[in-house]
Amino acid sequence: MSNFPVAPIGELFSLGKRVVDPSSRPKSFFLHHSLPSFDECGGPKEELGGEIDSQKFTLDRPCVLVSKLNPRISRVELVASVRSDGSEVASTEYMVLIPKGDLSQRIHLPFYANLFGSAVFRSKLVAVATGTTGSHTRVRPSEILKWLVVVPGLTGQRRVASILENVAAAERGIEKSIAKLRNVRRGALLASMEPVVSEKPAAGWARVPLKDIVPSAEYGISEALDGDARGVPVLRMNNIQNARIDADELRYCPVPVPSKLFLRRGDVLFNRTNSMEHIGKAAMWRDELPSATFASYLVRLIPDLQRVTPEYLVEWLMHPIVRQRVRSISTVAVQQVNVNPTRLRELEIDLPVDLAEQRRIVATLEACDEQIGREEEELNKLRELKQGLVDDLLSGRVTASGMEA
């Protein structure tokens, strides 16, 4: 039970409905709060009016923006201050929640921005969203105005928001650390595999067609899959993440699978078809499951272990320059691209002749991966803590010290 008074959202906020057509001022700059810009950078972008092709909400007061489109994705923006010249606008896919009455007396906006971004509130939005498909649903803004939310005193709102901001600051710090480590890893990859971009093979390195060291490339199964875990686990495109196998969100094959199509440790899986962004992703099978097979839109590359280690092969496939080469040999079909394994194996690979040197390169990169993994684990723990803290503080089940009821 909440320790705080409650009130309908509609008693605290009104919905902003004033619109403007930025294209009527094509050479003027607008600060545009859109879903794409939020997904890209977490906030608005400057855009010329001529680049904005439909009516937008005018933002003339501090407010909270809550996406009504596909609410399973959390998109909540705090707009603590706005431009005074009418050049700040928001997508009509947002609900513009403007505090009623005297802002300084009733509402601390960061508190309610956290509330509207909480898992509990998002789950309510998801429950009432309607649409023709599960991937394209919307919330009716008028419906949420009847929902009850907690109304702590202003001092309490500020204390909760301050606590949550401190946690968010720690979260941002870890995110920056991970980004820095990823840059370090990228630099180490480019430096250790510099012969990939050189005109001639380096001393101690070989440059050969991939087929010389990968004598076999095999398609996976084409059977219809289901969610029944009694079947054989099947790896799909989504199970290759950051050059590693992610064994979550599995599907299963309900019929017997030929023994030759079961994965063996050291097999390299290559994503041969998808969007241009995802084409060419690769990972090595490390016995993440007792047994598994793979879908036909993946290709299994079986390396000659006398000439190349599977780990090095994956690093080579994921090298930025090699990814570009893979894309250059892909063919475009309807809404996706495809790489023919035969053409893939015609690409030339640069690799140290000495397997020990291949292992040294991989060990350097894996040391970076381990450090990134530790940081990501800490980030996940912090996010779990934050979400629990958000739900407890915003519901009033737990109060900040000295909080007003």
Side-chain angles (χ1 to χ4, degrees), residues 9 13-100 103 109-110 112-113 116-117 122 125-126 129-145 168 172 175-176 179 183 274-279 320 323-324 327-328 330 332-337:
I9 292 175
F13 294 88
S14 60
L15 288 169
K17 296 181 179 179
R18 290 184 56 225
V19 295
V20 64
D21 184 357
S23 65
S24 65
R25 296 161 53 189
K27 296 183 179 180
S28 298
F29 278 98
F30 288 80
L31 188 62
H32 184 197
H33 298 259
S34 69
L35 301 191
S37 71
F38 181 87
D39 291 343
E40 181 178 341
C41 64
K45 283 187 174 182
E46 290 276 2
E47 295 181 38
L48 285 169
E51 298 173 342
I52 303 174
D53 59 4
S54 61
Q55 287 191 331
K56 304 298 174 186
F57 288 126
T58 299
L59 303 185
D60 54 10
R61 291 184 58 190
C63 59
V64 178
L65 305 178
V66 180
S67 172
K68 63 185 179 183
L69 177 67
N70 298 338
R72 70 185 187 285
I73 304 170
S74 181
R75 297 185 180 105
V76 176
E77 279 195 62
L78 168 65
V79 184
S81 61
V82 294
R83 293 179 173 179
S84 59
D85 61 357
S87 65
E88 189 160 357
V89 297
S91 166
T92 53
E93 294 292 3
Y94 276 121
M95 296 179 278
V96 182
L97 294 167
I98 303 171
K100 288 184 174 180
L103 175 66
L109 271 183
Y112 284 97
F116 297 142
R122 185 167 67 253
L125 292 174
V126 171
T130 58
T132 55
T133 67
S135 62
H136 205 74
T137 61
R138 283 186 177 83
V139 175
R140 286 187 297 130
S142 59
E143 184 164 352
I144 77 164
L145 296 180
R172 291 193 295 271
E175 288 171 342
K176 289 181 180 178
N183 286 335
N274 203 303
S275 65
M276 193 65 77
E277 176 186 358
H278 297 290
I279 198 78
R323 293 289 301 278
Q324 290 179 15
R327 290 167 183 159
S328 72
S330 63
V332 179
V334 179
Q335 297 182 336
Q336 64 179 14
V337 295

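Predicted, not measured: the structure shown is a model, and the values here were computed from it.
- The shortest heavy-atom contact between Leu145 and Phe13 is CD2-O, 4.2 Å.
- The nearest pair of heavy atoms linking Leu48 to Pro26 is CB-O, 3.7 Å.
- For Ser81, the side-chain hydrogen bond (donor to acceptor under 3.5 Å, both in side chains) criterion is met by no residue, not counting sequence neighbours.
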List the steps and the verdict of side-chain contact (heavy atoms from CB on, under 4.5 Å) for Thr92 and Ser54. CA-CA 9 Å; Thr92 53; Ser54 61; 5.7 Å; no
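- Side-chain atoms of Leu65 and Val76, non-hydrogen and from C-beta on, never get closer than 4.5 Å to each other.
- Aromatic ring centres of Tyr94 and Phe38 lie farther apart than the 6.0 Å criterion allows.
- Between Val66 and Ile144 the shortest side-chain heavy-atom distance does not fall below 4.5 Å.
- Contacts of Arg83 classified as side-chain hydrogen bond (donor to acceptor under 3.5 Å, both in side chains), with partners at least two apart in sequence or in another chain: Glu46, Ser87.
- For the pair His32 and Glu51, the minimum side-chain heavy-atom distance is 4.5 Å or more.
- Between Leu69 and Arg138 there is a side-chain heavy-atom pair separated by less than 4.5 Å.
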Derivation and outcome, side-chain contact (heavy atoms from CB on, under 4.5 Å), residues Val89 and Leu59: CA-CA 5 Å; Val89 297; Leu59 303 185; 5.7 Å; no
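- The main-chain N or O of Asp53 is never found under 3.5 Å from a side-chain atom of Ser23 such that the two would form a donor-acceptor pair.
- Ile52 and Glu47 get closest at one heavy-atom pair: CG1-OE1, 3.7 Å.
- Under a 3.5 Å cut-off, the side chain of Arg140 and the backbone N or O of Lys68 do not form any donor-acceptor pair.
- In summary, of the residues considered (Arg75, Glu93, Glu77), a side chain to side chain donor-acceptor pair (under 3.5 Å) with His33 occurs for Glu77 alone.
- Distance alone, capped at 3.5 Å, places no donor-acceptor pair between the Asn70 side chain and the Arg72 backbone.
- For the residue pair Cys63 and Leu109, the shortest heavy atom distance occurs at N-CD1, 3.5 Å.
- Residues passing the side-chain hydrogen bond (donor to acceptor under 3.5 Å, both in side chains) test with Gln324: none are found, sequence neighbours excluded.
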